[in-house]
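Okay, structure first, notes after.
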Amino acid sequence: MSRWRDEKASIFGDNSEMNLFLAVLMPFLGAVLVALASRRGRAFAAWCTGGVALLSLFLLLPAMAASFDGTTTIQRLTWIPAAGLDLAFRLDGLGLLFALLILGIGLLVILYAHYYLSAEDSLGRLYAYLLLFMGSMLGVVLSENLIQLLIFWELTSLSSFLLIAYWRKREAARRGARLALTITGAGGLALLAGFLLLGEMVGSYDLSVVLASGDIIRAHPLYVPTLVLILLGAFTKSAQFPFHFWLPHAMAAPTPVSAYLHSATMVKAGVFLLARLFPALSGTPEWTWLVGGVGVATLLVGAVVALFKHDLKGLLAYSTISHLGLITALFGIGTPLAAVAGVFHIINHAIFKAGLFMAAGIIDHECGTRDMRRINGMWHYMPHTAVLAMVASAAMAGVPLLNGFLSKEMFFAEAHAAAADWRVGIFLPAAVTVAGIFAVAYSLRFIHDVFFNGEPIDLPKTPHEPPRWMKVPVEIIVVLCVLVGIFPAQTVEPLLAVAASAVLQGPLPEHNLALWHGFNPALWMSVIALIGGVLLYLGRKPLFVLHDRLSGRLDARAIYEHGLRTIIDFARRVLMRLEAIGLQHQAAVLILAALILGSAGMLGAASPLTGSRSLLPVDGVSLLAVLTLIGATLAVTVLHRQRLTALIIVGAVGLIVALAFIKFSAPDLALTQLSVEVVTIVLLLLALYFLPPETPAESSKSRRWRDGTLAVLAGGGAAALAWAVLTRPANSIAGWFLDNSVTGGGGTNVVNVILVDFRGFDTFGEITVLAIAALGIFALLENLRLIAPRRDVAGRRWDSDVHPLIMATFARLLLPLALLVSVFIFVRGHNLPGGGFIAGLITAIALIMQYLANGVTWTHARLPAHTHPWIAAGLVIALLTGVASWLFGRPFLTSAFGHPSLPLIGELPLASAMAFDLGVYLVVVGATLLILINLGMAHSVSHEDEHAKEGPWKP
Amino acid sequence: MLKNFVPPDLFPAMPEIFLVLMACVILLVDAFLGRTQRWITAALTMVALVGCALITYQTMDGQVVLTFSNMFVDDLLADLLKLMLYLSVIVALIYSRDYLVARQLDKGEYYVLVLFATVGMMVMISASHFLTIYLGLELLSLSLYALVAIDRDSPRATEAAMKYFVLGALASGLLLYGMSMVYGATGTLEIGGVAQALHLGVANKTVLVFGLVFIVSGIAFKLGAVPFHMWVPDVYQGAPTPITLLIASAPKLAAFAIAMRMLVYGLFELAEHWQTMLMILAVLSIALGNLAAIAQTNIKRMLAYSTISHMGFMLLALMSGVVGEDKHFALNAYSSAMYYIVAYVIMSLGAFGMILLLSRAGYEAEHLDDFKGLNQRSPWFAAVMLAIMFSMAGVPFFVGFFAKFSVLLAAIDAGHIAVAVFAVMFSLIGAFYYLRVVKLMYFDAPVDNAPIQASLDMRFLLSLNGAAVALLGIFPDTLISLCTFALMRSL
């Protein structure tokens with residue numbers, strides 16, 4: 001890339017070397033200009049547009065002159081070095097030919113459109129779109145870089161979309177435009193894939209490299225997919241069978257647009273690509289069969305259908321398809337001579353088809369309709385136009401002395417020559433001749449139906465000759481048709497020679513552009529076509545009847561629309577199946593996906609599930625506990641609808657877990673588990689009070705089976721994983737804590753030291769979260785009025801004795817005892833099982849007991865309703881303890897410890913962590929009480945009347 | 001207990017620290033503001049983000065600095081992604097303002113939650129430790145859950161938030177599970193350490209591959225790749241549009257960052273394993289995303305499916321880094337993935353910005369039909385939307401084209417030709433629904449003729465956004481080179 005970067009300076013230094021770039025850029029700039037200029041009148045806009053096109057032509061002149069000497073001009077600008085892309089333009093013979101066609105015919109169309117469009121249509125808009133299109137098209141034919149070519153290619157699709165949809169009020173225009181864009185845009189993406197593969201094969205996206213690497217490409221294993229993808233792009237653009245159906249619908253565009261798009265430019269981009277990549281891709285059986293086969297099929301289909309079209313532009317559209325098929329077939333044959341003929345027919349077709357579209361436009365303009373069943377006898381109304389149209393039409397039919405004859409003759413000759421090589425034998429010449437017959441017939445129909453054949457029927461307007469300048473473009477074209485037809489060697493030969501040699505990238509084959517080649521098979525085929533065509537036209541009536549009966553059966557567009565509908569329906573159906581609506585469904589998909597991926601990982605690992613670690617012996621008590629645990633969890637699952645029962649069993653599960661902690665000598669954890677279990681169950685019970693006692697059965701049986709299976713599988717997977725990990729040796733970090741707990745944290749209760757020292761920061765975070773959670777729940781419950789059911793399912797009322805005397809008395813008795821225990825647990829915590837967390841929970845349980853036993857009112861008189869200050873105090877104490885260590889130059893929460901001796905009690909192990917533990921204690925008590933009291937309050941509020949009536953128990 | 005305590009180097013985390021402080025300040029200030037003074041909160045939020053951007057920009061030196069015991073990293077990749085992150089959050093805030101004010105949703109919580117989500121994303125981007133990643137992810141996710149439900153009276157939003165939360169929690173669980181496996185196998189959660197352990201071959205690969213599965217699942221969930229995509233359509237559709245805008249833009253940058261950090265930086269030695277997984281995710285995402293988008297009538301839902309397919313494309317690049325033992329293409333592949341994500345964020349901001357532009361009090365422009373005839377109502381904004389739709393479809397000369405192009409190039413370089421062709425084919429199908437929006441705007445008669453009401457700053461920014469989509473398509477080089485450079489300096 002750096003090579004080009006160096007060159008950049010010289011490119012900008014010398015303006016003459018940028019002219020290709022400027023020539024392409026000019027129409028784009030011009031489009032903006034014209035859109036603005038159109039406010040100053042139609043003529044002004046037309047002059048501006050024409051000026052822009054001329055300027056582009058002028059900018060190309062130096063390079064054009066060079067290309068006649070066989071020099072290929074290549075100019076580069078750095079664009080995206082990171083992606084290896086330059087703006088690179090090339091002008092060789094083929095580019096020259098197309099640039100001339102694009103700009104030359106463009107100029108004629110600009111002139112023509114000025115007179116064609118009615119005053120209420122915005123000419124500026126049309127011109128702006130036209131220039132956009134012209135610039136894109138120039139970009140396509142002048143690109144050196146394949147990716148850049150593709151970009152311009154897509155731009156032609158877009159700008160032609162705008163052109164076709166010019167009359168946006170018309171439904172047909174919009175549908176036609178969308179169809180064209182979908183088909184050609186889709187083809188463009190296929191082309192992108194093809195180009196990427198091509199670039200991958202030769203290692204460069206530069207055309208020069210690609211064209212020189214034909215052998216590498218053809219020998220590459222990816223040749224066939226590449227070819228197919230590129231051909232998809234070319235065929236969709238050039239409206240080849242079976243993608244031809246968008247073109248007739250694009251006829252909804254204003255006629256100048258059709259004249260431009262469907263003669264020299266848009267559809268020619270496809271055959272341009274075939275010509276461009278001819279040296280790189282051709283010469284294999286795949287190429288011959290695909291390109292040749294599609295070409296011949298298109299030639300035939302287009303020619304046959306064209307005859308039956310009543311719409312003037314419809315006839316021309318199908319004839320365009322047919323002629324494009326002819327060109328494609330020529331490139332498909334693949335001999336150098338056939339390629340020359342292909343290039344020649346590109347020129348000829350562009351010329352006469354532009355003239356024909358313009359003539360059709362004049363007729364449409366003057367008659368107000370394009371229906372050939374109504375437009376008759378125009379000879380009397382517009383003799384001048386009639387002559388022009390008839391000459392162009394004859395050229396299309398391949399009548400001698402006109403340009404169409406020459407290239408068609410070459411085509412016939414090639415088809416005949418190819419028949420010897422092809423295994424198709426007589427089929428090719430026969431098919432070609434049949435197509436020729438139909439071509440003559442539809443050309444004849446165009447002439448006879450429109451200009452003769454009696455009087456016009458029911459025309460909206462009375463036709464007359466169009467304005468002088470509207471005919472001038474057609475006249476120029478007809479003159480060209482005749483000149484090329486009679487003096488080919490003097491007029492078109494030099495251009496054809498450079499263009500064809502650029503296509504072949506090698507020496508030109510012997511060819512002779514002359515009218516008379518003697519009596520050869522090609523001439524006989526021409527004669528048969530001409531005579532057969534006339535005969536076919538004479539006997540057309542029964543054929544039309546047959547066609548009318550068959551029409552509608554085989555409409556490619558219907559197939560396309562059906563395809564579109566099918567895709568949309570398919571998408572809907574896929575969605576119905578896949579788009580999980582409910583949360584359960586979504587979670588099921590998620591779990592299933594994780595399960596599948598996980599199993600894939602586990603199977604892929606191909607190592608035994610069980611690791612090398614030896615298992616501990618099983619003793620009876622543990623076995624019993626585990627069995628109880630399994631039984632309890634199963635019972636919860638089965639009984640989960642009966643909420644109270646399920647809750648109590650969940651409590652049992654928690655207790656067994658506490659027992660497991662004891663078995664593994666973790667009394668601290670067991671204590672914590674125990675107190676947490678009690679608090680949670682109380683909390684849940686309080687919440688349950690407001691809920692119906694049973695969960696309604698909502699899921700179907702099949703759903704339950706599905707979920708059950710999924711749960712078993714996912715649980716099994718997790719269990720297998722746990723098994724795999726637990727049976728493998730692991731480096732436990734426990735040893736480190738055991739070693740450092742006394743020396744580093746001053747406590748022998750490792751769990752507590754971890755909580756308040758080693759992981760003190762975590763604990764600090766946790767109590768903060770606990771505090772926030774409590775505040776959040778408080779905010780949710782405050783002033784909440786919950787209606788609790790007064791009777792259970794069986795219709796029984798609550799016991800009238802709300803606060804039994806014995807229970808109340810014992811609860812009060814227990815309170816100081818419980819508080820004492822909690823202090824004891826708190827103080828010993830640092831060295832023996834216990835600690836602030838457990839102590840806090842014990843205190844909380846003791847206080848809640850008072851609420852449960854004595855009622856809210858009684859307890860409220862003795863305890864503050866809000867425990868916020870407790871929480872705040874706890875947090876502040878914990879924070880200060882942490883910050884204090886900063887004063888001693890230690891990190892946050894480093895603990896200091898000592899063993900002061902107190903009178904009476906004796907030596908007391910005291911660490912600064914104790915203060916921290918106090919913070920924990922306060923937060924736990926405050927938060928738990930806040931939550932539980934407020935849940936209880938919600939109930940008490942709703943039952944106020946009841947309480948008032950019965951009155952709280954007073955001692 | 002630590003005798004020789006060295007305080008961590010706080011300097012690399014300056015932007016995060018600043019933003020957290022600002023968020024706390026805003027939280028406090030907002031508590032004392034009345035409804036009419038809410039603009040102060042909005043302005044302070046802007047100041048916070050711009051301040052962050054300045055700090056990040058000023059401290060950007062291209063060095064890789066680790067701090068907080070190697071849990072946090074500041075490198076060029078992080079700086080670049082953070083700058084884009086601030087930009088997209090700022091844009092999202094400006095786009096959202098009118099909408100929120102009209103619905104009285106511009107509460108202080110909104111701004112603070114957005115800021116906390118931003119901090120979460122920044123932590124994800126700068127994480128060099130699996131747990132740091134998890135912390136950032138949770139901070140982001142929790143803020144987003146709350147944001148989705150910010151319109152408490154909307155049952156649809158609440159439902160979406162609920163689904164998002166439950167599934168998100170599940171996915172977080174998977175991710176954590178995966179991380180614990182990685183820890184079990186390598187004995188460390190430091191990303192560099194994991195890579196080291198892998199490189200030396202001391203890690204238990206069986207356990208590691210297993211952990212990898214869950215890590216990839218977690219990332220896939222965050223990105224919204226099939227089959228972990230279920231939340232995407234529901235949340236995109238259910239959440240208020242400004243929140244959708246937020247979810248659809250910046251978090252993808254962060255998700256890309258954690259994918260890079262965990263998979264490429266940490267588990268690079270396992271590339272052959274995770275690349276296969278990513279390929280499956282990519283193929284499924286591209287297929288389902290494009291197919292499902294066709295059938296949508298709600299544009300937010302349509303864009304949700306389009307996001308899914310875009311993420312598939314991004315994964316396509318991520319899975320193309322290593323071919324066998326050959327790491328030659330890695331830089332190219334990852335920078336194209338990064339470019340794709342950035343391009344996606346720009347397009348996504350524009351698309352949802354357009355929906356917000358057309359919405360007004362009591363009217364949500366969330367149906368495709370609401371875009372009908374936009375060209376007659378406002379040719380300029382129709383052109384902006386046209387650019388965005390074309391860009392999303394991958395039409396040349398828009399930023400989306402180069403994003404797709406470089407990704408396809410990377411995939412082909414890595415020899416995934418069938419996958420690349422498959423992706424192109426499905427983009428074709430994708431082109432259909434983007435073009436449908438264009439057709440509606442240009443060819444159909446408007447259903448709603450009300451003039452577009454939007455503040456000047458939003459109009460200006462949205463125009464700029466549309467221009468960026470077009471200009472970055474014509475001059476994509478700077479961005480591509482920037483991505484490559486950042487990755488080169490940070491890998």
Side-chain angles (χ1 to χ4, degrees), chain A residues 79-83 147 150-151 154-155 158 165 168 174 178 181-182 185-186 189-190 192-193 196-197 200 222 225 229 567-568 570-572 574-575 578-580 583 586-587 589-591 593-594 597-598 600-602 604-605 607 721 724-725 728 730-731 740 744-745 757 889-891 894-895, chain B residues 1-2 5 7 162-163 166-167 170-171 174 181 184 187 204-207 209-210 212-214 216-217 221 227-228 230-231 233-234 273 277 288 291-292 294-295 390 394-397 401-402 405-406 408-409 412-413 417 420-421 424 427-429 431-432 435 439 442-443 476-477 480-481 484:
Chain A
W79 183 27
I80 315 172
I147 300 303
L150 181 93
I151 289 172
E154 292 287 25
L155 278 180
L158 290 182
R168 38 179 108 147
R174 284 164 7 201
R178 204 170 130 205
L181 184 61
T182 313
L189 278 170
L192 170 63
L196 287 176
L197 292 182
E200 189 63 20
L222 286 172
L229 286 167
I567 290 184
I568 294 178
F570 175 68
R572 291 231 164 88
V574 166
L575 269 189
L578 284 182
E579 195 179 41
L583 180 59
Q586 293 180 340
V589 173
L590 194 77
I591 292 172
L597 281 173
M602 206 186 282
S607 70
L721 205 59
V725 172
R728 283 173 166 74
N731 291 329
N740 287 280
D757 191 326
R890 300 283 168 79
T894 311
S895 63
Chain B
M1 70 188 225
L2 279 171
F5 168 65
M162 183 68 193
K163 284 180 177 170
V166 172
L167 296 176
L170 209 57
L174 290 180
M181 297 280 148
N204 184 340
K205 275 215 174 175
T206 316
V207 181
V209 170
F210 206 76
L212 185 65
V213 169
F214 291 106
V216 169
S217 309
F221 180 85
F228 302 97
M230 293 84 58
W231 61 279
D234 282 341
H273 294 281
M277 297 179 207
L288 186 98
L291 269 183
I294 294 179
F390 275 170
V395 171
F397 273 140
F401 168 76
F402 280 100
F405 173 71
S406 53
L408 288 177
L409 216 56
I412 289 180
D413 275 341
I417 286 160
V421 171
V424 170
S427 329
L428 279 188
I429 296 178
F432 171 79
L435 291 180
K439 181 222 158 209
Y442 278 84
F443 295 141
D477 193 51
I480 296 179
S481 314
T484 315

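Chain naming here is simple, since letters A, B, ... match the order of the sequence lines and numbering starts at 1 in each.
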Exercise. Who pairs with Leu212(B) by side chain to side chain contact (heavy atoms under 4.5 Å, CB included), at least two apart in sequence or on another chain?
Worked result: Val216(B), Leu263(B), Leu267(B), Leu270(B), His273(B), Trp274(B), Met277(B)

Problem set entry | Minimum-distance pair of heavy atoms, taken over all atoms of Ala420(B) and Leu408(B) | O-CD2, 3.8 Å

Problem set entry | Largest heavy-atom contact set with chain B, pairs under 4.5 Å, which of Leu196(A), Leu155(A), Leu590(A) | Leu590(A)

Problem set entry | Top contributor to chain B interface from Leu197(A), Leu192(A), Ile151(A) [non-hydrogen pairs under 4.5 Å] | Ile151(A)

Problem set entry | Set of ring pair (Phe, Tyr, Trp, His ring centres under 6.0 Å) partners for Phe221(B), sequence neighbours left out | Trp231(B)

For this session: Sort Phe214(B) into side chain, backbone, both or neither according to what part of it lies under 4.5 angstrom from a heavy atom of chain A.
Result: side chain

Problem set entry | Shortest non-hydrogen contact between Ser217(B) and Leu597(A), atoms and distance | OG-CD1, 3.7 Å

For this session: Can you tell which part of Leu174(B) gets under 4.5 Å to a heavy atom of chain A, answering side chain, backbone, both or neither?
Result: side chain

For this session: Working to the nearest 0.5 Å, report the span between CD of Glu200(A) and CG of Leu222(A).
Result: 8.5 Å

For this session: Can you tell which part of Leu167(B) gets under 4.5 Å to a heavy atom of chain A, answering side chain, backbone, both or neither?
Result: both

Problem set entry | Max heavy-atom pair count under 4.5 Å with chain B, selected residue of Leu229(A), Ile147(A), Leu150(A), Ile591(A) | Ile147(A)

